[in-house]
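The block underneath contains the structure these notes are about, expressed in structure tokens.
Sequence lines set the chain letters: A, B, ... in the order given, protein chains first and strands last, and positions in each chain run from 1. Keep in mind the model is a prediction, meaning the values are calculated, not measured.
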Amino acid sequence: MNSRFQRILVTAALPYANGLLHLGHLAGAYLPADIYVRYHRARKRDVLFVCGSDEHGVAITVTAEKEQTTPQAVVDRYHALNKNAFEKFGMSFDNYSRTSLPLHHQTTREFFTAFHKQGVLREREEQQLYCEKDALFLADRYVEGTCPNCKYDQARGDQCENCGSWLNQTELIHPKCKICGATPVVRQTTHWYFPLGEFQQRLQAYIEQRSKRDGWKENVLRYCESWFKEGLQDRAVTRDLSWGVPVPVAGYESKVIYVWFDAVLGYISSAKEWAARSDDPDRWKKYWLSEETKYVAFIGKDNVVFHCIVFPAFLMAWNDGAEEQYVLPENVPANEFLNFESQKFSKSRGWGIDLQDFLKFFPADPLRYTLAINLPESRDSDFYLRDFQARTNNELADILGNFVNRTLTFVEKNFGRKVPHLGELTEMDKEMIARLDEVPRKVSELYEQYRFRDGVIETMNLARLANKYFNDSEPWKTSTSNPIQCATSLHICLQIVRSLAILFEPIVPTIAQRIWTTLNLSSSPHTAGWESAADLELPEGHSFNKPEILVTKIEDSHIEEMVKSLSGNTPPARPALSPEIKPTITLDDFKKIDLRVARVLKAERVPRSDKLLRLEVEIGSEKRQVVAGIANHYAPETLVGSLIVVVANLQPAKLMGQESQGMLLAASDNTGRLAIVTVASELESGGTVK
RNA sequence: CGCGGGGUGGAGCAAUUGGAAGCUCGUCGGGCUCAUAACCCGAAGGUUGCAGGUUCAAGUCCUGCCCCCGCUACCA
């Protein structure tokens with residue numbers, strides 16, 4: 001660590017208390033943060049590690065509405081579940097707070113009021129849709145209606161998914177409240193804005209400087225650049241909601257501060273709460289209000305804009321107008337996303353595994369190890385259950401666990417559970433000791449650069465090397481032929497076991513502690529200090545406890561059991577074809593649909609569209625234009641001349657500005673394949689289908 | 001041409017500023033037997049998506065093309 005800093009402040013993104021944590025969250029932010037913190041604690045550095053639940057926002061009120069309960073009840077539940085899951089996972093937060101606490105409301109009001117007084121915030125009047133039934137102003141994603149451009153009837157308040165155009169929610173034709181389906185009304189409202197645009201230059205300079213100083217990750221810089229390139233826009237900091245921090249300005253009592261404003265301030269509140277518990281309630285200031293603090297914010301990629309741009313801008317704005325100077329993030333090592341079995345985690349599709357479910361079946365450490373070695377540090381990565389099993393069995397159990405076990409049991413049998421004498425060193429011994437000396441430093445360097453995956457690999461490589469050393473030393477032979485050399489080899493192996501406990505502690509703390517305890521050493525590996533992993537500190541004659549199996553292997557059946565219990569989670573790519581048939585209709589119903597055979601005369605792609613083809617078809621004597629979303633499956637030229645089936649009496653629709661007079665029939669399955677419906681032999685176009 | 005990411009041995013991934021294509025798993029063969037049938041050694045397997053270009057030298061830089069993914073809902 002750079003000598004400019006006296007202490008380290010680490011935050012991990014506040015998880016939203018509207019759902020359960022899953023493995024992707026851990027890989028994105030929490031595990032790297034925890035490894036980083038545990039490593040620094042072992043280095044005896046002054047570290048404060050805070051987090052907490054993000055408990056405001058409209059999504060939570062919607063959940064409460066659905067469940068016929070209060071927002072507070074929703075966040076109480078998820079806060080407790082997530083906090084508990086974090087503990088089981090081994091997260092070593094100094095404090096895990098929550099943003100619904102009065103303390104946090106106070107912090108948020110303090111910032112808002114300061115900005116307001118300084119004249120930083122701007123007031124703006126705007127028109128917004130209001131649902132009278134729900135008594136709620138509708139955020140963009142809670143309203144849908146017909147797109148004024150393409151007439152697509154499920155356009156959202158901010159953008160039409162069909163034609164891609166950006167909308168103002170008041171432009172929607174026939175808007176509907178997505179919560180209750182009622183038609184909202186337009187109401188005038190006033191909001192405060194934070195002028196992010198005015199901070200752009202300073203933010204760019206800030207990022208450049210810190211990046212130079214601490215080596216920001218490339219992916220993070222890329223995200224920032226694209227935001228800067230577009231130009232930063234002012235952002236509303238208030239909302240018309242009842243759930244959140246009330247706006248502390250006269251006349252605004254019915255509004256709350258927008259959740260993204262208060263969420264990042266939760267880090268400060270969490271530190272305050274931590275300090276308030278001690279005899280020095282001001283000691284949070286030592287971390288937050290000092291240039292001697294190295295502040296590192298761990299997040300996932302979707303949060304880059306808030307932590308690299310919005311939050312620093314807030315702190316700058318505060319620092320401009322106050323004596324107290326907050327420290328800005330020195331680095332924001334955001335990870336990409338982790339997929340589960342090559343598909344994106346998705347709550348709505350029920351894809352992925354919640355942390356708490358996972359921990360019902362397997363202990364935290366194998367999960368920590370597998371995630372650590374698969375961290376999406378430079379791009380999206382995958383978590384595969386068979387990989388989890390293989391990593392646990394072949395690496396944690398076989399390489400690390402078995403090395404510890406073979407060493408301890410060998411010493412137990414030959415030297416009575418006491419550290420044997422270190423005699424004269426062979427070349428091989430010297431080489432091993434030299435390598436041991438290098439590893440802690442090497443891993444340090446990687447961790448300091450936020451390269452956790454490489455650090456973990458390097459750590460496991462020490463165990464690999466130790467196995468080789470054991471093999472090459474052949475103590476089972478020297479135990480009779482050269483007992484002194486045998487003792488020396490095992491002395492060194494025991495020292496390595498001790499070192500492994502220290503080096504593995506950030507990654508698999510429970511396993512590390514078990515090694516430590518078995519070695520009959522006091523306290524914990526980190527109290528010995530990271531650097532001491534390079535040394536031979538186990539005293540000769542020191543007696544240790546009876547060795548036990550360190551890592552239990554995972555059987556196939558165990559994995560299957562978990563998969564079975566998650567039966568609701570079928571992969572979206574290969575769900576069973578739904579046997580659900582729509583309600584019965586009469587023949588008359590069917591006869592309303594005029595299906596006709598048509599011949600394709602001309603086919604071409606619709607400009608600027610990925611999926612659409614424009615077809616000119618002949619239906620008997622009539623010519624029509626039909627637009628079909630099959631461009632991903634058919635090249636236009638292969639369709640010309642072929643016979644297709646169209647719905648001839650469908651109300652015309654406009655797609656990407658092209659009118660479609662009818663609908664082409666095509667069949668698809670759940671693997672994403674698609675085939676157009678055609679007729680089995682040559683017919684005249686215009687023929688009816690029945 | 002909407003924006004961005006990515007295509008590297010069977011699988012998952014590495015490869016600072018261009019400088020001998022590596023790692024883990026799997027496969028095959030061998031060694032060892034202290035240990036959780038574990039550990040160690042060796043081998044096979046790649047024209048780094050395709051086609052050009054720059055260079056003494058290209059996985060890496062440039063141009064064109066092909067394919068996959070995210071940018072849309074809860075969601076790191």
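- Every residue two or more places apart in sequence or in another chain that forms a side-chain hydrogen bond (donor to acceptor under 3.5 Å, both in side chains) with A:Q389 is listed here: A:D556.
- For an aromatic pair to be called close, the ring centres must be under 6.0 Å apart, and A:H25 with A:F345 fails this.
- When rounded to the nearest whole Å, the span between OH of A:Y223 and P of B:C71 equals 11 Å.
- In terms of polar N and O atoms assigned as donor or acceptor, the side chain of A:N471 comes within less than 3.5 Å of the base of B:C39 in a complementary pairing.
- Shown are A:F388, A:F358, A:Y384, A:W351; of these, the ring pair (Phe, Tyr, Trp, His ring centres under 6.0 Å) with A:F340 is made only by A:W351.
- For A:N219 and B:C69, the CG to P distance is 21 Å, given to the nearest whole Å.
- The shortest side-chain heavy-atom distance between A:I299 and A:T11 does not fall under the 4.5 Å cut-off.
- The CD-C1' distance, from A:E225 to B:C3, rounds to 14 Å in whole Å.
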Can you check each nucleotide of nucleotides 9-15 of chain B against protein heavy atoms at under 4.0 Å and return B for base, S for sugar-phosphate only, - for none, in 5' to 3' order? --S-SS-
Name the pairs: protein N/O against N/O of nucleotides 42-45 of chain B, kept only if under 3.5 Å.
none

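- With a cut-off of 3.5 Å on both Watson-Crick or G-U wobble distances, the partner of B:C39 is given as B:G31.
- Residues passing the ring pair (Phe, Tyr, Trp, His ring centres under 6.0 Å) test with A:F49, sequence neighbours excluded: A:F93.
- Atom name P, nucleotides B:A11 and B:U47: the rounded distance is 13 Å, in whole Å.
- Here the C1' atom of nucleotide B:U24 and the CG atom of A:N461 are 9 Å apart, to the nearest Å.
- Taking every side-chain heavy atom of A:R464 into account, B:U24 is the closest of B:G4, B:U24, B:C75.
- Base-pair partner of B:G64: B:C50 (Watson-Crick or G-U wobble, both distances under 3.5 Å).
- At the heavy-atom level, A:K553 lies under 4.0 Å from base atoms of the strands shown.
- Residues passing the side-chain contact (heavy atoms from CB on, under 4.5 Å) test with A:I399, sequence neighbours excluded: A:E395, A:M460, A:A463, A:R464, A:N467.
- By the 6.0 Å and 45° rule, A:K217 does not stack over the aromatic ring of A:Y450.
- Applying the salt bridge (charged side-chain N to carboxylate O under 4.0 Å, His left out) test to residues at least two apart or on different chains, none of the pairs has a partner in residues 478-489 of chain A.
- Distance, A:W476 CH2 to B:G31 P: 15 Å, rounded to whole Å.
- You'll find the side chain of A:Y447 reaches within 4.5 Å of the side chain of A:T459, heavy atoms only.
- Computed from coordinates, the A:L550 CG to B:U36 P distance equals 13 Å when rounded to whole Å.
- Taking atom CG on A:L408 and atom P on B:U36, their separation rounds to 12 Å, with Å as the unit.
- Between A:N402 atom CG and B:U33 atom C1' the separation is 12 Å, expressed in whole Å.
- Across all strands shown, the partner of B:G70 is B:C3, judged by Watson-Crick or G-U wobble contacts whose two distances both fall under 3.5 Å.
- Judged by Watson-Crick or G-U wobble contacts below 3.5 Å, the nucleotide B:G18 has no partner.
- Ring planes of A:F362 and A:H558: tilted class, angle from 30 to 60°.
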